[in-house]
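It should be emphasised that the depicted structure is a prediction, and the values quoted were computed from it without experimental measurement. Because only heavy atoms are used, hydrogens play no part in the values below, and waters and symmetry mates are left out as well, while side chains stay in.
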Amino acid sequence: MASTQAGEITSSTRDHNVSVEDDSLKKAVKDIAFGSFAGMVAELFEYPFDLAKVRLQAQLLVPTSSSNVTTFNGPMDCLMQTWREEGVRGLYRGLPAPIVGSMAETATLFVTYTAFQDAIRALSPSTSSDQLTIPQLALAAGGAGFVASFVLTPIELVKCKMQVQMMNFHPTPTAGAPGRIPHRPNPTFSSLAPHFHAAAKSTSHHTTTTSPKSKSSSSSSSSSSPHRSIHHDAVHRSASTSASASRAAAAAIETLRPPGPITLIRSIIDTYGVRGLWLGHTGTLLRETGGTAAWFVAKEYVARQLIERRIRQSPYMPSPTGDGTSIPRTIANTELLVWESALSGALAGAIGALLFYPADTVKSAIQTEEELKPRNLSTQAWRARKPSTFLGVLRQMVKTHGVKGLYAGCGMTVARAVPSSGIIFVVYDGLTAYFG
């Protein structure tokens, strides 16, 4: 009898563990799906403002003149210059990388945030299974940001390089760093004429340089049918010239095309190795760890205050069983309304973006300084110099532009973080409530 009961208890425990594992897996899949979708929607909205922010930050480290006069006077000036010189496409330059990055970042944040919360509950038996304290949430959010920074740094590196591709104009193409592409109009026939002429000259020289045997053969053939031979040679030379000119034109057009994300990744790895993809990671680590903690904590705190306000106004709610009875409202059983989710997320976005903004400024400057290196400095000399460090760049920026320089583009970043963060939490909370 005792052995039967023990077997039943063991089987029940095993089934319970399997059920918990299945629930954890389902929640992780939901976090990945919901977080990815929320991040993608928010990124499409905010990307032009992020591009302006990165360009404002990048111009601080390598000014366009010795008098430290910057290219852009502010966020709106940056957007207007980009619009005039590069068009709508310029406002979304480098978009694929941040789309992938935003999806990966948001999914990673929500998955690891949930995982750290579960770990804190497991290590603190006295903690309620439904609700953690604000310090515990801060610890879980900081851990989530720490993990997400390793995923985000390579993606942001490619994004930032693509966003500043057109800032360092060169009249003549040079073999520079990845992304150093001058802003030029689409190639026309007149601009490609030298390539056609060179190809035609090369082809003509090739056709006239033949072997003696060929000469004797062609002379005997031409003596029998001179008109047909002349026509055949003319057609052959014309076809060869056209093919060579087409190849030359294609090559010329290719040199005027900015490199895409795959080309940039290959160039970075070829030059610096895989480790080069984590250039500027210190800034990303500080921003994500501290900023994510502030982001989630601010959202949770504001959301709880809004729910408690609703509980005071209406202490009871209909029972979910639908039997007509009422049950007391609590923070755990009360879902956020759409406007509550939007408001708490928007305020959290502003706080999270503002608190650790200087770290993001230094990070962006480090990741784009090679694209904006002085024009009279060769790429080999640039890469041979001592690599920039986070503290070194921070000191240089403060010395050149003061503490105010560390907040270049901050106003626009906070302004776009407010609706963007609101969108993320509305989408995530809405999907969680609908499918949860």
Side-chain angles (χ1 to χ4, degrees), residues 16-39 42 101-156 278 281-305 307 330-332 335-336 341 344-345 347-349 351-353 355-356 359-360 417 421 424-433 435-436:
H16 174 72
N17 292 337
V18 171
S19 177
V20 171
E21 291 177 358
D22 289 343
D23 290 342
S24 299
L25 180 61
K26 289 179 181 178
K27 183 165 181 56
V29 172
K30 288 181 179 179
D31 284 339
I32 292 173
F34 300 164
S36 298
F37 185 74
S102 182
M103 294 173 66
E105 177 195 14
T106 311
T108 302
L109 283 177
F110 281 107
V111 169
T112 52
Y113 182 50
T114 301
F116 276 107
Q117 289 185 74
D118 294 339
I120 290 173
R121 291 190 180 98
L123 296 174
S124 305
S126 59
T127 301
S128 169
S129 59
D130 295 327
Q131 189 173 349
L132 297 179
T133 64
I134 293 298
Q136 288 173 329
L137 289 175
L139 180 61
F146 177 84
V147 174
S149 69
F150 289 88
V151 177
L152 194 58
T153 299
I155 298 172
E156 287 216 347
W278 276 266
H281 180 65
T282 301
T284 309
L285 182 66
L286 292 174
R287 186 198 67 189
E288 289 300 306
T289 303
T292 302
W295 189 51
F296 275 114
V297 166
K299 194 269 181 182
E300 292 287 348
Y301 178 79
V302 175
R304 289 182 183 184
Q305 295 301 311
I307 291 178
T330 64
I331 293 179
E335 294 180 354
L336 283 171
S341 182
S344 58
L347 293 176
I351 294 172
L355 290 182
F356 288 85
D360 183 68
S421 181
I424 287 177
F425 279 110
V426 165
V427 173
Y428 180 81
D429 290 341
L431 292 174
T432 301
F435 293 100

Side-chain donor or acceptor of Trp278 paired with backbone N/O of Thr153 under 3.5 Å: no
Between CD on residue Gln131 and OG1 on residue Thr133, distance to nearest 0.5 Å: 9.0 Å
Candidates Glu105, Glu156, His281 - the one meeting side-chain contact (heavy atoms from CB on, under 4.5 Å) with Ser149: His281
Centroid separation Phe110 to Phe34 less than 6.0 Å: no
Name of the residue among Thr282, Asp360, Thr292 meeting side-chain hydrogen bond (donor to acceptor under 3.5 Å, both in side chains) with Arg287: Asp360
Shortest non-hydrogen contact from Ala148 toward Thr108: CA-CG2, 3.9 Å
Shortest non-hydrogen separation from Ala417 to Ala353 and the atoms involved: CB-CB, 3.9 Å
Heavy-atom pair with the smallest gap, counting every atom of Ile307 and Thr330: CG2-O, 4.5 Å
Thr112 side chain to Leu109 backbone, donor-acceptor under 3.5 Å: yes
Please table the atom pairs, donor to acceptor, closer than 3.5 Å between any side-chain atom in residues 298-305 and protein atoms at least two apart or in another chain.
unit_1 : atom_1 : unit_2 : atom_2 : d
Lys299 : NZ     : Asp429 : OD2    : 3.0
Arg304 : NH1    : Leu132 : O      : 3.2
Arg304 : NH2    : Leu132 : O      : 2.8

Donor-acceptor pair, side chain of Ser341 and main chain of Phe425, under 3.5 angstrom: yes
Considering all heavy atoms, the nearest Phe146-Thr289 contact: CA-OG1, 3.5 Å
Heavy-atom closest pair, residues Ala359 and Leu286: CB-CB, 4.1 Å
side-chain contact (heavy atoms from CB on, under 4.5 Å) partner of Tyr113, the single match among Val147, Asp118, Leu137, Asp31: Leu137
Ser36 versus Ala107, closest heavy-atom pair with distance: OG-CB, 3.4 Å
Validation row, ring centre Phe356 to ring centre Trp295 under 6.0 Å: no
